[in-house]
Amino acid sequence: MLLDTFGRSHNYLRISITDNCNFRCFYCMPEDDYDFTPPARLMQKDEIIHLTKLFVDLGVNKIRLTGGEPLMRKDAGEIIEAISSLPVSLFLTTNGTRLHEFEATIKNAGIKVINISLDTLNREKFLLLTKRNQFDLVYKNILLMIDKGVRVKVNMVVMKGINENEINDFIEWTKNTAIHIRFIEFMPFTGNKWTSNKVFTWEEILGLIGKRFSFVPLENDKNDTAKSYSIEGHLGSFSVISTMSAPFCSTCNRIRLTADGKLKNCLFSKDETDLLTAYRKGEDVINLIQKNILNKKKELGGQFNNDYENLNPEIISNRSMINIGG
Ligand code: SAM
Ligand code: SF4
């Protein structure tokens, strides 16, 4: 069991299998020319599988593949297949553009829930946010996955002045579609132009929804980052993720492996442990993993607190989100 000094047990590993992406979401990928990690510095397929097995031996039983865009990686199908054969629940976070090519892989791997990112229901705004004209493809693939019996959770990063006016359009969508919408507070990462006045908090989100709909809380699991709600008569449901205004660090069970094989014990951790280099040199990786977890800070990587309104993002030392793996 991977216990930290605050008694938190870490059974949930998020693995970034690439920092490459076919989108250019400004809040995730820095505007300046982003250099994707050269393939030789990425974990190779067998390395991902071997390192994953070490984590499973240490008590990890939930794995999410992410990126960058995980389905952009050429051997993504083989990685999914190999990890699905381990004793874990496997999840995926994707921008949705290639899901139609992975229908069989997803079915064979037994993936039951997929998070698909979509921040707007407006074609023009989609182009502005992602710099790619692929709204129709993403929307179609969301419906395709639902049709195939996959539970779809839509990740919407809510940014004040950009898309908060669409929150209730997303709620409308849940009326006749069995979809779950996750409204996520905008977080600061290197190069993403975060300012506190762009954060639309979970309370503001619920306030806005409450003006048009009456909703009731659903039961959450103890490690859930999301507070979930349902609306009577709606097939779908929704949740809010309050990382900035009300962090949920006390019940955190998550750790992250970046595409270049560094272990991060928090999304905002400054320190990383280079597992890939150690593994390639034949060193004791298990000991490094345990030490890394023991160094986990109490909240938000020890870099800030929930007083996000007075947060200067310049003081945070981190990677860009695309380089961490969301
Ligand atoms: N490419 C995939 C996708 O877009 O779903 C997976 C990787 S992406 C980094 C994972 C998630 O992180 C996405 O849902 C994205 O919206 C979210 N994300 C990226 N930058 C963020 C930010 N600054 N604040 C909050 N969420 C962010
Ligand atoms: Fe790519 Fe996902 Fe980041 Fe958008 S949020 S740039 S789709 S990795």
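This structure is a prediction, so every number in the text was calculated from the model and none was measured. For ligands, and for the atoms within them, numbers begin at 1 and follow the listed sequence.
Asp119 and Tyr27 are linked by a side-chain donor-acceptor pair at a separation below 3.5 angstrom, with hydrogens and angles left out of the test. Using modelled atom types and a 3.5 Å distance limit, the side chains of His100 and Lys140 yield no donor-acceptor pair. Donor-acceptor pairing under 3.5 Å is lacking for the side chains of Thr130 and Arg24. Thr243 and Glu185 are not linked by any side-chain donor-acceptor pair at a separation below 3.5 angstrom, with hydrogens and angles left out of the test. Under 3.5 Å, the side chains of Asn22 and Thr97 contain a donor-acceptor pair of N or O atoms.
Regarding atom 5 (O) of ligand 1, its nearest protein heavy-atom neighbour is Ser117 OG, 2.5 Å. Considering only non-hydrogen protein atoms, atom 8 (S) of ligand 1 sits nearest to Gly67 O, 4.3 Å. In terms of protein heavy-atom proximity, atom 6 (C) of ligand 1 is closest to Gly68 O, 3.3 Å. Among protein heavy atoms, atom 23 (N) of ligand 1 sits closest to Met187 O, 2.9 Å. Of all protein heavy atoms, the one lying nearest to atom 21 (C) of ligand 1 is Tyr27 CD1, 3.5 Å. Considering only non-hydrogen protein atoms, atom 12 (O) of ligand 1 sits nearest to Met321 CE, 3.6 Å. The protein heavy atom nearest to atom 16 (O) of ligand 1 is Val157 CG2, 3.2 Å.
For ligand 1, the atoms closer than 4.0 angstrom to any heavy atom of Thr94 are 2 (C), 3 (C), 5 (O). Close contacts between ligand 1 and Asn155 involve ligand atoms 14 (O) [criterion: under 4.0 Å to a heavy atom]. Against a heavy-atom cut-off of under 4.0 Å, Asn192 is close to the following atoms of ligand 1: 23 (N). Ligand-side atoms of ligand 1 in range of Glu185: 25 (C), range being under 4.0 angstrom from any heavy atom.
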For this session: Decide ring-ring contact (aromatic ring centres under 6.0 Å, His included) for Phe26 and Trp194; before the verdict, give the C-alpha distance in whole Å, the side-chain angles of both, and the deciding distance to 0.1 Å.
Result: CA-CA 10 Å; Phe26 78 89; Trp194 181 93; over 10 Å; no
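Ion pair Arg73/Asp75 flagged as a salt bridge, since at least one NZ, NE, NH1 or NH2 atom sits closer than 4.0 Å to an Asp/Glu carboxylate oxygen. The pair Asp260-Arg319 counts as a salt bridge, with a side-chain nitrogen and a carboxylate oxygen less than 4.0 angstrom apart. Ion pairing of Lys175 with Glu172 is absent here, as no side-chain N (NZ or NE/NH1/NH2) approaches a carboxylate O to less than 4.0 Å.
Within the protein, the N, O or S atoms sitting under 2.8 Å from atom 3 (Fe) of ligand 2 are Cys28 SG.
For ligand 1, the polar-atom distance check against Thr93 finds no nitrogen or oxygen pair separated by under 3.5 Å. Inclusion of Asp119 in the set of residues having an N or O under 3.5 Å from an N or O of ligand 1 is not warranted. Any N or O atom pair closer than 3.5 Å counts here, and Thr66 shares no such pair with ligand 1.
The nearest pair of heavy atoms linking Met244 to Leu311 is CE-CD2, 4.1 Å.
More than 12 heavy atoms of other residues, nucleotides or ligands shown are found within 6.0 angstrom of NZ on Lys125.
The aromatic rings of Phe215 and Phe238 sit perpendicular to each other, their planes meeting at more than 60°, with 30° as the lower class boundary.
When non-hydrogen atoms are compared, ligand 1 lies under 4.0 Å from the side chain of Phe189 (C-beta onward) but not from its backbone.
A side-chain contact (heavy atoms from CB on, under 4.5 Å) with Arg182 is found for one member of Val240, Asn155, Val154 and no other, namely Asn155.
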